[in-house]
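The block underneath contains the structure these notes are about, expressed in structure tokens.
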Amino acid sequence: MLSGGTPPHVYNDGAVDPFTEIPPMEKIPYQGMLYATNREPADEAHPEHYYQNASGTVLRLGIGRLSLGKEGVDWDEARRISLLKNRTE
């Protein structure tokens with residue numbers, strides 16, 4: 001039985017390793033993902049947003065930058081935390 005604070009049992013014996021030696025962000029082209037949207041660009045009143053909820057008539061293309069986890073946590077640390085038997089993080 002799985003509980004919220006432990007990794008799945010299938011990882012215990014090492015037969016399945018969901019983690020690669022190469023951090024996943026290094027595999028992703030541009031460290032992000034390509035997108036297309038017809039949403040209107042954000043207005044000056046909301047500079048923290050890139051787009052409004054309102055649809056427009058122009059198709060805009062871009063790269064969405066991705067980040068995983070807390071700032072400063074590298075892939076080895078994320079792997080270590082994920083495999084802890086009793087984790088609080």
Side-chain angles (χ1 to χ4, degrees):
M1 174 186 246
L2 295 176
S3 65
T6 61
H9 292 295
V10 71
Y11 302 149
N12 288 344
D13 63 7
V16 175
D17 184 3
F19 304 101
T20 63
E21 294 301 318
I22 300 171
M25 291 304 290
E26 291 180 16
K27 292 185 197 179
I28 299 172
Y30 318 108
Q31 302 331 208
M33 63 184 189
L34 302 175
Y35 70 88
T37 185
N38 68 341
R39 298 197 180 270
E40 291 289 337
D43 56 24
E44 292 179 13
H46 299 94
E48 70 278 8
H49 299 288
Y50 292 99
Y51 297 101
Q52 299 179 34
N53 287 335
S55 296
T57 58
V58 175
L59 183 64
R60 293 172 175 83
L61 307 175
I63 298 171
R65 302 285 179 207
L66 303 174
S67 62
L68 302 174
K70 294 179 185 177
E71 189 172 333
V73 174
D74 65 12
W75 183 241
D76 290 331
E77 180 70 1
R79 175 191 295 183
R80 185 192 69 74
I81 291 168
S82 295
L83 293 174
L84 289 173
K85 295 284 184 196
N86 296 304
R87 65 177 182 255
T88 58
E89 298 182 55

key: Closest non-hydrogen atom pair between Asn38 and Leu59, with its separation   = N-CD1, 4.4 Å
Non-neighbouring partners of Asp43 that pass side chain to side chain contact (heavy atoms under 4.5 Å, CB included), sequence neighbours left out = Ala45, His46, Gln52
request  = Return the set of residues passing side chain to side chain contact (heavy atoms under 4.5 Å, CB included) with Arg60 (not counting sequence neighbours), or none when no residue passes.
outcome  = Thr37, Glu40, Pro41, Tyr51, Val58
